[in-house]
Protein chains: 2
Amino acid sequence: MAHYVYEFTEGGRDMADLLGGKGANLAEMTRMGLPVPPGFTVSTEACRAFLATGSEPDGLSREVFDHLTPLEEAAGRRLGQQDDPLLLSVRSGARFSMPGMMETILDIGLNDDSVLGLAKSAGNERFAWDSYRRLVQMFGSTVMGVDSTLFEDTMTRLKNTRGADDDLHLDANDLAGLVEAYKELIHQETGKDFPQLPAEQLQRAILAVFESGSGVAFTRDPATGAPGVYGDYLPHAQGEDVVAGIRNTVPLDGLKNLDPTSYAQLRGHLRRLEAHYRDLCDIEFTIERGKLWMLQTRVGKRTAEAAFIIASALVDEELITADESLARVGGDGLSRLMFPRFDGSKAGQALAHGIPASPGAAVGCAVFDSAEAVRRAAAGEKVILVRQETTPDDLPGMIAAQAVLTSRGGKTSHAAVVARGMGKVCVCGAEELVVNTHARCFTTDGTTVEEGTVLSVDGSEGAVYLGAAPLVDSSVMRYFETGERSAGLVDAVARAVRQADGVRRLGVRANADTPEDATRARRFGAEGIGLCRTEHMFLGARRQLVETMILARTDAERERALDRLLPLQRGDFVGILEAMDGLPVTIRLLDPPLHEFLPDRTELAVRLAAAEAHGNPPGAHDRELLDAVNRMHEENPMLGLRGVRLGLVAPGLVAMQVRAVAEAVVERKRAGGDPQAEIMVPLIDTVEELRLVREEVEQVLAEVSNASGIPVRCPVGTMIELPRAALTAGAIAREAQFFSFGTNDLTQTTWGFSRDDVEAAFFSAYLDKGIFTMSPFETIDREGVGRLVEIAVEEGRAAHPDLKIGVCGEHGGDPESVHFFHGAGLDYVSCSPFRVPVARLEAGRAALHGTADDDSK
Amino acid sequence: MAHYVYEFTEGGRDMADLLGGKGANLAEMTRMGLPVPPGFTVSTEACRAFLATGSEPDGLSREVFDHLTPLEEAAGRRLGQQDDPLLLSVRSGARFSMPGMMETILDIGLNDDSVLGLAKSAGNERFAWDSYRRLVQMFGSTVMGVDSTLFEDTMTRLKNTRGADDDLHLDANDLAGLVEAYKELIHQETGKDFPQLPAEQLQRAILAVFESGSGVAFTRDPATGAPGVYGDYLPHAQGEDVVAGIRNTVPLDGLKNLDPTSYAQLRGHLRRLEAHYRDLCDIEFTIERGKLWMLQTRVGKRTAEAAFIIASALVDEELITADESLARVGGDGLSRLMFPRFDGSKAGQALAHGIPASPGAAVGCAVFDSAEAVRRAAAGEKVILVRQETTPDDLPGMIAAQAVLTSRGGKTSHAAVVARGMGKVCVCGAEELVVNTHARCFTTDGTTVEEGTVLSVDGSEGAVYLGAAPLVDSSVMRYFETGERSAGLVDAVARAVRQADGVRRLGVRANADTPEDATRARRFGAEGIGLCRTEHMFLGARRQLVETMILARTDAERERALDRLLPLQRGDFVGILEAMDGLPVTIRLLDPPLHEFLPDRTELAVRLAAAEAHGNPPGAHDRELLDAVNRMHEENPMLGLRGVRLGLVAPGLVAMQVRAVAEAVVERKRAGGDPQAEIMVPLIDTVEELRLVREEVEQVLAEVSNASGIPVRCPVGTMIELPRAALTAGAIAREAQFFSFGTNDLTQTTWGFSRDDVEAAFFSAYLDKGIFTMSPFETIDREGVGRLVEIAVEEGRAAHPDLKIGVCGEHGGDPESVHFFHGAGLDYVSCSPFRVPVARLEAGRAALHGTADDDSK
C-alpha cells in the first residue's frame, strides 16, 4: 500500500519529485536545525492517485489523521478545540514553481465556536475574526469554487460603508459581520454551507490544494542583484496577504525596529541559507507570538541584471567558481539587457503588466485594429496595436506597428510568436486590460485609454506606461559597441562573457553584408563572418542593372550588365574584407530566385491593365517586363530556380561574383591587407552541383591570379540547407572545404512549411494545441532538423576529417540551439552581430555542460 | 608492371571489365572452339592508363608488337609486307554497349606500296583501292579528327561526276583518285600527312580507339521475337558498312544461295550460341575467301514485344525456367505495349526515326513554335510541336501539343523529360530532320514538310510518319481491360504477369478517385486502393459550395456549406467502396490549400481593375472574393496551410469528411457489402498532429456507429511525405495504423524543389551536366529520399511491428522504384490503374532479386 504522508524529518532538497519543491526544502531546513513549524507533507503520489481516480486515495485520510495526533500533542492543542484551537495551513506545491497556480488555505480548524476560543486565547478578538474571515474566504474560493472577486466586492462595500481605506480600520464586529456575509455568499453561489467540522475542512482542503507559499524575503535584491537582505513584512497578517500584494507591506528593515530579535535571527538564517544553497534564496517566514518560523525556501528567481551581478558577486565572495557562475546567467537574459529601456525613475507607475514576449522598448499611440494601424503608420505616425488577442488577419497591423499589446495569451500566443519572428516589441497577456475594440479604448484599474493616446511598451519587462516614457540606452550595448566599462552590471556582464570565451570550444562569427555591419560585428567579438549575403548587393540603385541582365535578349547585352555589376560588387567586398582583415569572411553566392528582383506580378498586371483600359497601352519596356515576370513566375519560388541551380543555368553569374571576390582579395593584398575570403555555394542537393560550380570558381580564381600576379586561394564550401544535402553529406564533403548549415531553409524543407506563409497562419494554433512547444524557427528542432545536422556532421567528417563546419541560420544566436550545435560538434556558429555576445556566452556555458536554462526570470 | 595485351585464349565472358564486352565474348567463342580470326585484346587497363596520363602507357607498344609477331607467323604475312600485307582492324569496345560511341579502323597496314601488293595477292585491284580508301577515311576521321562529312562530300562529288548512284559503280581508278583526294583533304585540314608506316598506323589507331563492331545476325527476330535466324548480309564489303546502314544489304536468307556451306555453318554456330547463352544472341561475322569468321557475339537487344515472346518461348523450349523468364522482360517494356500504336502495315515508310522518349501515338499538324501551337490548339486543331530542341520558353506549346518532336537531344533532353512528366508523346533526337524554324518547315531525306502538314508520331517506337497513320488498339491493354486472351504477345504477357503474381511479396494497389477508376483498377489486378484523393471531389459543380465555405462570415454559414457537401462526398465514397468491395480503400483527407479552390489572384485582380477602369466597380461578391484570395494568398502554397494543418485549423472540415466515409460504410454494410475504408491523414510532421486528428476521427466514427447501430471501424494512418515525418517515424508509428509514403512530396521537400516549378526550368540542364542520371520524380532517389524511406520503415516497424507500410507516390508504378520498395520491406505499392500490371510484373521480378533493367530496347 502507498505511503502518502511524510514527516518534515523524512526528506531533503533532493526529494522534490515526491515532496514538491516546498516540501523538500522544508525538510532540508528541518534537517539543518532551523525552526520550522510542526507539520507534515502529503506527497505528490497522493496527488497523482487523486488525479488518476478523481476520488480521495484509499487510506489518505487515515494517514493524515495519524500524523495529526503527534502534532496536536506537541502543540498541546487539538484541531477544533473550542477554547484554544490548533490552526492548520494547507499549502499546494509542485516539482517546479508555477506562479499563479498555487493554492493556499490558512487557519483550518476555525468555526463559529472555536473562533471565540481563539479570540480569548490570543487575547485579540479582531485577530480571531480576521483569521476566520480569511479561512471562509479562502475555503470558499479555493475549495468551493466561488469567484474570489465576489468576496473582494463584499469587503469593498463594507469598507465603503465604514469609510475605511484599509482592512485595519475594520474592527472585530465588522469582521464578524463579514464572516456572516461570506457564509451567506457561499450558500447563494453553491447552495451549500461552509463546513463547520474541522476534520471535514482539512480533508476537503487537502483534496482541493497541495500546499502553497507566503511571506517574502530574499538574500539579495532579486531586481538589481544588490547585496543585503531584501523583502517585505506585514505585521498582524499572514504571509498570503504579502505575496498577493493586496495590502501595503513595510520593507523588511521596518522589522528591525518592531522586533530586533526576530530580525537578527532572520538575517542569520538568510546568511546560512545563502551559504548552504550557494545562491540567492527566496524564503517565506512568519512570526507568531514572537517566535520566528521559516515557512519555505527556494533558490530565488531574479531579473537578468540581478543574475549577472549576483553571479559576479558570488565569485568574489568565493561561494562559487567563475565556471559555476556561467550556470547562473544566460543568453536570453543578456539579450534583454542589450535593448534600450525606459527610465524607471521617470516612467512613472506602470499602467499594466503582462508577459514580456518580445524585448525592446517602443512608444506610439494606441490603435485598436489592423486597418487603423496601417492607415496611421502610412501617414507617418508611430502606433501600438492593442488587441484582446491577435489572429492572422491582424498581420498587416502588426507589421505597421511599433509594438503589439494584448490582454490575453502567453509566450506562445499568436501575437508573441509572430512579433518575435518580426523582431517587434510585444507584451501579451496583460490581464488587467479590458480591451473594447468596438469603443476603441481599453480600461485598466479605473483608467480609460482612448485610441490615439500615447503609450510606452517595455517588451523586456512586460510593462506598459501612459505617455512617452524617456528612453535610456543600454549600458551593456554601449559596452559592446565602445568597450566602455563601468562598475556593476557592465562589469559583471564583461566578466561572464570573458569567462565564457576562456572555456568555449565553438567559434562565434557574425552574419554581415556590409562593411558597417562587419565593423560592428568585430566590436561585438565576432571571429569572422559566417554568412555574407550577396543578394542585398543586387538591390537599390543596382536593381536596374539586374533588370537589364534578366531582360537581355542577347548574350552580349547580358554580359554588359554583368560587367557593370562587377566593379560595384568588388567594391562591396573590398570594404567587408577590410573591416574583417585577418579573419575569415564566408561569401555566399547569389541565393534567391531572379524574379525577386523584378516587380510584383499582380501589381504590374493590374497597373498595365488599368492603364490600357484608360487608353494608355503599355510601352515596349513594360510589356517585356510583364512577359519576363510571367515567364519567371514560380508557384513556389522557395522551391524553384535559385541558389546553385540559378548559378548553373544563368551564364556568367557565378563567374562575375567570384571575379568580384577574387579581385577584391587582390586589391586588399596590394594594400597590404590580409583578406581571408571563403566562397560558399547555396542550395546544394548533390555533390555534382558543387563539383561543377567549384570548377568554375577555381578557374576564375586562377585567371585572376594569373592576370594580377597575386595568388588568390579561397576555400570553397557549401551550405547544408536541404535534407538531401544532409543525407548525402559524406559524398558532398569530398568536394567541400567547409559546410555551413542553413538551418532556416533546412527547417522549412524538413517540416515542409515556409516561415513567411505559415507562421502567422497556424503556429499559434499549433502552440496552443501543444503540437509545438517552441517555434522550430526560433529554437532548433532536435528530433527532425537536429537529426539531419548530426547525420551530416558525422558523415561529412568521416569522409573529410578536416572539414570545417558551422551554422549560419538564425538558430546560431539562440541559446538552446547553441548548446545543441556544441553537442553536435560544430566548429562555429554565426549569427546577427547583436547576438554575438549571446552566442559567446552560451558557447561557454555549453562547454561546461550547462543547460540553456538560466535563473533569470 | 601492368599487363596490357591479352590473347583471345586468355579470357572469357565474365571478364568484360578488363577486356570489354566484345573482347570477353571473342575469348568465350575462342574457348568454345568457334572460328575467331587471329587477334588479341588491348585491355581496358591500357585505356585507363592512357586516359589518366594522356600519353601512351609505358610498354604498351612493345606488348602489342610482341603479340603481333605470332599473328604474323600464323598468317604467313607481315604488317606492311609490300607483296601481300597482313591487314589489321582496330575496334573499340567497352564494358557496356555504347551505340554511336564506338570507333573502328579497318585495313591497317595498307599504304601507297602495299595497296599494290594487296591488289595482286587478292587478284582484285578495285577491292584493294576500296580498302585503302576506307583506311584513309577512317583513320582521317577517327585518328586525325577530320570531319567525316568532308570525306562523304568528296565521295558524293566524285559519284556525281561519274553519274554513279552507288559506291560499286566507282572503279579502281576512281578509288585510287579518291585516296589521293582524301590524303589531300587530310593535309589541308590538319597540316599533316596520312602516315605511311604501318607500325605508326597501328600505334596511333590503338591510342585513338579501342575496338568496334560489324555485320549482323540474330538467333531470333529481335523485333517480333519470332524464332529462326534473322539478319543482313552484304557481299564484297566489310561489316562496318552493314551496321552503318550506308549500303543496301540482302536478307540473311540470300546467303543460303550465295554460300550454302557458310550459311549452314553460321546456322549451327547460332544454335550453339543460343543454347550456350540461353538467350537471343546478336553476332557479327565475316566471310573471307570462303571462310566464315565470327567477329563478335553478345546477348541481343530486342523490342518489348520480342522480349515477352522470346522469354515465353525459351521457357517452352526448356532453356530457362519460368522464374528466369522474368529477368528477360520488364515493366518499361510492358508499359510501352499498353499504348495504342500505328498500324505498321498501313503507316507506310517512316519519315524519320528518333529516340522513343515518351510512349504513345499521336496525330496532328506540324507547327514550329510555341505561340503557333497555342494558337492552333486554342482553335481546336491538334498539333505536333517540332523543334530543334525545346527550352523552358516552349512550355506553353508543349502543353498545347499532342506530341513533341525534336531533331536534337537524348532521353534526358528538356523535351524528353518534360514530355514524360506530362505523359505526352515525344520523339527526340531525330537527327535526319533539318528543322528550319524561320521557314516553318523541316526537311528529311529530300522531303520538305511545311507547317500544317499532318504527321503521325510514335513515341513508343521513335518513328515519325507523314499523314494520319491508322491507329490500332493495344492487344495487351485489351487483355487487361477485358481478359480477352490471344496467342503470341498477349499469351506471353499474361504468363509473365501470372508468374510474377506467384512470386511477389509486395501487394499492388491503385490510386483511384472515382468508381470508374476503381473498377478499372480492379480489372487490372489492383488489390485495393492505396490512395483515394478527396480533393477532386471538391471541384466541378461543388466548387461553389467550397467557395461559400471559404467566404463564410459566420460559423453557421460555414456549417451549412459543409452540410451540403456531406451527402455529395458520401455518395462518392459509396460508389468507390462498392467497386472495391472486400478490398481496402485508403481515403486521404483533403490535402491542398483552400485557395486552390478560388480563382487565380492575378487574373481576378486584373479583371476587377479593368472593369473598374471601364466604370464598372466590382460588386460585393467580387470584392469579397478578391479579399479572400488576397488573404489566403501564399508565397509558397506547397509549403503552406494545407493537409493536416488545414484540418486542424478549419473547423468541421475533417469531421465532415470522416462522417461522409463512415456513413458510406454504413450504407454499404446495410446493402450487404464488405466495405474496407481506411482513413489517411496527409502532411503529418509530428505525432501530435496525428494524435489530435485521430481523436477527432475516432469520435466521429463512434457517433456514426452509435447513431446507425452499425459498428464502423476504420484504420487511421498517415502519409509519410515530409522529411521530418520520416525522421520521427518511430514516434508517429505509435499513433498510426499504417504508413503510406507520398514520395512525390517527399522528393520535393527532400530536394527542396517543386516539380511544377523546376522540371521545365533546369532539369534538362541538370541531366545534360550529369547532375541527375534520371529525374528523381520518375525514379526514386535512393541516396536521399530512399534513405528517408528506409529510416522510416525501420524505425516505424521497431515501434509498431504490425505497422502496414505502402507507397502511393507516382514512383509506385516505376520499375526501378518498385525494386527499391521491395528491398526496403514495404507491404505494397500503389500506382495509377494503368501501371498496375507493370507494378505486378516488377514486384515479381524484385522478389527474384532481378534488377529493374530488362533486355528490351
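All chains are named by letter (A, B, ...) in the order of the sequence lines, taking the proteins before the strands, and each is independently numbered beginning at 1. Keep in mind that the numbers below use all heavy atoms, side chains included, and drop hydrogens, waters and symmetry copies.
A salt bridge is absent between Lys769(A) and Glu689(B); no separation between the charged side-chain nitrogens and carboxylate oxygens falls under 4.0 Å.
No other option in Pro637(A), Pro396(A), Ala609(A), Ala611(A) has as many heavy-atom pairs under 4.5 Å with chain B as Pro637(A). With respect to chain A, the highest number of heavy-atom pairs below 4.5 Å among Glu635(B), Met632(B), Glu603(B), His633(B) belongs to Glu635(B). In terms of heavy-atom pairs under 4.5 angstrom with chain A, the leader among Leu604(B), Val606(B), Val687(B), Leu608(B) is Val606(B). Interface remark: of the candidates Leu648(B), Val649(B), Thr686(B), Thr602(B), Thr602(B) forms the most heavy-atom pairs closer than 4.5 Å to chain A.
Trp751(A) approaches Arg645(B) most closely through the heavy-atom pair O-NH2, 2.9 Å. Nearest heavy atom pair, residue Pro723(B) against residue Pro723(A), reads CG-CG, 3.7 Å. Listed here is the closest heavy atom pair of Ala613(A) and Ala610(B): CB-O, 4.1 Å.
For a residue to count as touching a neighbouring chain, one of its non-hydrogen atoms must lie under 4.5 Å from one of that chain's; by this rule Asp745(A) does not touch chain B. Only the side chain of Ala765(A) comes within contact range of chain B, with heavy atoms under 4.5 Å apart. For chain B, the nearby part of Leu692(A) is the side chain; its heavy atoms alone come within less than 4.5 Å.
Contact of the Glu783(B) side chain with the Arg724(A) side chain is registered, since non-hydrogen atoms from C-beta on lie closer than 4.5 Å. Using a 4.5 Å heavy-atom threshold, the side chains of Phe753(B) and Asp685(A) count as touching. Annotation: side chain of Thr750(B) is not in contact with side chain of Thr749(A) (no heavy-atom distance under 4.5 Å).
In this structure, CD in Glu688(A) is found 7.5 Å from CD1 in Ile771(B), a value given to the nearest 0.5 Å. Atom OG of Ser754(B) and atom CD of Glu634(A) lie 7.5 Å apart (nearest 0.5 Å).
Not counting sequence neighbours, the partners of Tyr766(B) by the ring-ring contact (aromatic ring centres under 6.0 Å, His included) test are Phe762(B), Phe772(B).
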Only distances under 3.5 Å count here; give the side-chain donor-acceptor pairs of residues 785-795 of chain A to other protein atoms, sequence neighbours excluded, each with its distance to 0.1 Å.
{"from": "Arg787(A)", "atom 1": "NH1", "to": "Leu727(B)", "atom 2": "O", "distance (Å)": "2.9"}
{"from": "Arg787(A)", "atom 1": "NH1", "to": "Glu795(B)", "atom 2": "OE1", "distance (Å)": "2.8"}
{"from": "Arg787(A)", "atom 1": "NH1", "to": "Glu795(B)", "atom 2": "OE2", "distance (Å)": "3.4"}
{"from": "Arg787(A)", "atom 1": "NH2", "to": "Glu795(B)", "atom 2": "OE2", "distance (Å)": "2.6"}
{"from": "Glu795(A)", "atom 1": "OE1", "to": "Arg787(B)", "atom 2": "NH1", "distance (Å)": "2.8"}
{"from": "Glu795(A)", "atom 1": "OE2", "to": "Arg787(B)", "atom 2": "NH1", "distance (Å)": "3.4"}
{"from": "Glu795(A)", "atom 1": "OE2", "to": "Arg787(B)", "atom 2": "NH2", "distance (Å)": "2.5"}

